[in-house]
Amino acid sequence: MNRRKRIRKISLLTAVLVVFSLFALTGTLKAKRLEREKRAEIQQSICELDEYASSIDSTLSKGIYATTPPMILSLSTELWRLSSGAKIMLSQIPNDSIDMSRTNKFLTQTGELMMSLNRRAANGEQLSEKDVSSLVSLLKYAKAFHASTSALRDGAFDGTVELIKQAGNITSNSKVEATPLSSSLENTEKAITDFPSLIYDGPFSDHIEKKTAAFLNGKEEISRSEAKKKCAEYLSVKEEDITFSAMEDGKTEAYVFTTDKITCAVTKKGGYLSYILSGEYAGEDKIEYDEARDRATEYLEKIGYKNMKATYHSENDGICTINFAFEENGVRCYPDLIKVSVSLSDGKIISVDARNYLLSHRNRNLKNENFSVFAEAEKKVSPLLHVKDSRLAVIPTPSEDEKLCAEFHCSDDNGQEVLVYINAETLNEEEILLLMYSDNGVLTK
């Protein structure tokens, strides 16, 4: 009997050990699977970043030889898309709070410079030697940036770059000690060392960066912990789910935080939302523009951006991007612009860019009076156009000045809608924009 009891005990202990071993094995396999999935996501982001860098290099090379407006338009539009895509991919790569401000500045100014040259070419201006020199300088840094992303991509697949700390090298039997991912990103940032100041008529131009942000003047600075609390409110998440990423310099100096695939910047002065960038993709369209607009308006109101009126919008890949302009006493202030992107699948706020608002918004003491200027200004509108309605509006100029204008919403005999802006003081035409309607929204050209 004693022998039978011993056998049963041994059998029971063996069964328990087998069960625990199976649980441990299952947990290990699950952890390994999650690790592989995370590594694959990082590798994918690095691959796409390198592809964008390669395309920026080749497109800038072509830009040096472009002389006609159609070609400059084509290249500038492509560079804007590429630089925006590269910034999104860069934000999705874990960086252990490495400051990537120079890289982001390079990518931003690459797109902005070409758009500036496009505007000038559209006005009949030829590219000057200084313009070409700026492009050559950009190309130099684009090649250095591409070389660094290519090295990062190679290391991400051959095991020489450690993508996940706890997992060690990608290739377990690699005899080469892996370099931390953060160190490789630092090398990418160093490739943009001594990036030159570029002067052009874009909202991120260096000569504009030296000006102060009108809305933030006089606002008290907040601490990083206070900014983290604000960020949690803006993203509707818990504070513990947010990680501090970096400090962003410039006139809208901000604390930058990350959570999942979202990057959020909160201004150091006042703790206002500067921007939200998300790598999320929208699903099938389930809501209409009106609901997307209402949700965006409600969100801006909730976070403190009041009196914002939706103007024009576009819809692409299930995401509706809406331009909001501030209104003061019925006068529309286009420099105070906030862009909000909303998922048409569930109405979720995907991204926000309030930097133009932070730079420009102030109390202008505007009054929407019945100025006699409207009667005089309307005489300046082309006889080929029929005025449908009008309003007073403040518009930005390429040099970042502002002009108070009479805005006339017109149409011609063929149904083409046009916005004509007549300077309220000089009665000169300041701007003419074509309204473009499509299934994807309403934009100006």
Side-chain angles (χ1 to χ4, degrees), residues 83-84 87-88 90-92 95 97 99-109 111-112 202-206 208-237 239 242-280 296-297 299-308 321-326 333 335-342 349-362 396 400:
S83 59
S84 298
K87 285 193 291 185
I88 291 174
L90 190 64
S91 70
Q92 293 180 4
N95 62 14
S97 300
D99 181 8
M100 301 298 291
S101 59
R102 284 198 300 266
T103 302
N104 278 297
K105 176 182 176 182
F106 160 73
L107 292 170
T108 296
Q109 290 199 337
E112 284 291 333
F204 295 98
S205 174
D206 284 341
I208 297 169
E209 281 289 340
K210 293 175 183 176
K211 295 165 59 178
T212 59
F215 182 62
L216 300 180
N217 282 342
K219 301 294 192 297
E220 291 187 7
E221 294 188 353
I222 65 171
S223 66
R224 192 166 90 179
S225 60
E226 290 173 316
K228 188 175 185 180
K229 183 177 295 185
K230 287 281 188 180
C231 180
E233 294 175 5
Y234 297 144
L235 298 179
S236 298
V237 298
E239 282 189 59
I242 300 172
T243 302
F244 174 72
S245 176
M247 284 299 301
E248 185 171 87
D249 296 328
K251 54 187 174 181
T252 55
E253 185 179 6
Y255 299 97
V256 182
F257 301 91
T258 57
T259 175
D260 295 328
K261 294 183 178 181
I262 301 174
T263 299
C264 177
V266 179
T267 62
K268 189 174 183 179
K269 287 186 176 182
Y272 297 96
L273 175 64
S274 180
Y275 62 82
I276 295 172
L277 294 174
S278 174
E280 294 185 23
T297 304
Y299 177 77
L300 291 177
E301 186 86 14
K302 175 184 174 183
I303 65 174
Y305 292 125
K306 302 181 184 299
N307 299 320
M308 303 302 295
T321 299
I322 308 167
N323 288 349
F324 285 86
F326 175 74
C333 302
D336 302 2
L337 182 72
I338 299 180
K339 294 185 178 182
V340 183
S341 294
V342 182
I349 304 299
I350 296 291
S351 67
V352 179
D353 188 349
R355 287 172 290 189
N356 277 318
Y357 181 97
L358 298 173
L359 298 176
S360 303
H361 181 66
R362 62 186 182 279
E400 291 300 297

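Note that the structure is a prediction, hence the values are computed from the model and not measured.
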Spacing of [atom1] belonging to [X] relative to [atom2] belonging to [Y], to within rounding of 0.5 Å:
X	Y	atom1	atom2	result
L359	T252	CG	OG1	6.0 Å
S91	L277	OG	CG	6.0 Å
K268	M247	NZ	CE	5.0 Å
C264	I276	SG	CD1	5.0 Å
C231	F257	SG	CZ	6.0 Å
K229	Y234	NZ	OH	13.0 Å

Requested in this report: Give a yes or no on whether the backbone of Y357 and the side-chain of S360 come within a donor-acceptor separation of less than 3.5 Å.
Outcome: no
Query - Any donor-acceptor N/O pair, E226 side chain to S223 backbone, under 3.5 Å - result: yes
Which residues pass the salt bridge (Lys or Arg N to Asp or Glu O under 4.0 Å) test with [X], sequence neighbours left out?
X	result
R362	E402
E301	K306
E233	none

Report task. Would you sort out whether D353 and I338 count as a side chain to side chain contact (heavy atoms under 4.5 Å, CB included), showing the intermediate values? Result -> CA-CA 6 Å; D353 188 349; I338 299 180; over 6 Å; no
Can you name the closest pair of heavy atoms from [X] and [Y] and give their distance?
X	Y	value
K251	L216	O-CD1, 4.1 Å
Y255	A227	CD1-CB, 3.3 Å
T297	M308	CG2-O, 4.4 Å
Y299	V352	CE2-CG2, 3.9 Å
I222	G271	CD1-CA, 3.4 Å
V340	A296	CG1-CB, 3.7 Å

[X]: what forms a side-chain contact (heavy atoms from CB on, under 4.5 Å) with it, not counting sequence neighbours?
X	result
S84	W80
S83	L107
K219	F215, K269, Y272
L337	N323, K339, N356

Query raised in the report: In this structure, which one of I262, L273, I349 forms a side-chain contact (heavy atoms from CB on, under 4.5 Å) with L235?
Result: I262
Mind checking what makes side chain to side chain donor-acceptor pair (under 3.5 Å) contact with [X], not counting sequence neighbours?
X	result
S341	T321, S351
E239	none
T263	none

Requested in this report: State, without any angle test, whether Y275 and E248 hold a side-chain donor-acceptor pair at a distance under 3.5 Å.
Outcome: yes
Query - Pair L358-T267, side chain to side chain contact (heavy atoms under 4.5 Å, CB included): steps then yes or no - result: CA-CA 9 Å; L358 298 173; T267 62; 3.6 Å; yes
Requested in this report: Show your working on side chain to side chain contact (heavy atoms under 4.5 Å, CB included) between F244 and K228 and close with a plain yes or no.
Outcome: CA-CA 8 Å; F244 174 72; K228 188 175 185 180; over 6 Å; no
Query raised in the report: For L90 and N104, what are the C-alpha separation, side-chain angles and deciding distance, and is it a side chain to side chain contact (heavy atoms under 4.5 Å, CB included)?
Result: CA-CA 9 Å; L90 190 64; N104 278 297; 4.1 Å; yes
Requested in this report: Kindly write out the residues that satisfy ring pair (Phe, Tyr, Trp, His ring centres under 6.0 Å) with F324, not counting sequence neighbours, or none if the list is empty.
Outcome: none
Report task. Report the residues that fulfil ring pair (Phe, Tyr, Trp, His ring centres under 6.0 Å) with F326, sequence neighbours left out, ordered by chain and then residue number. Result -> H361
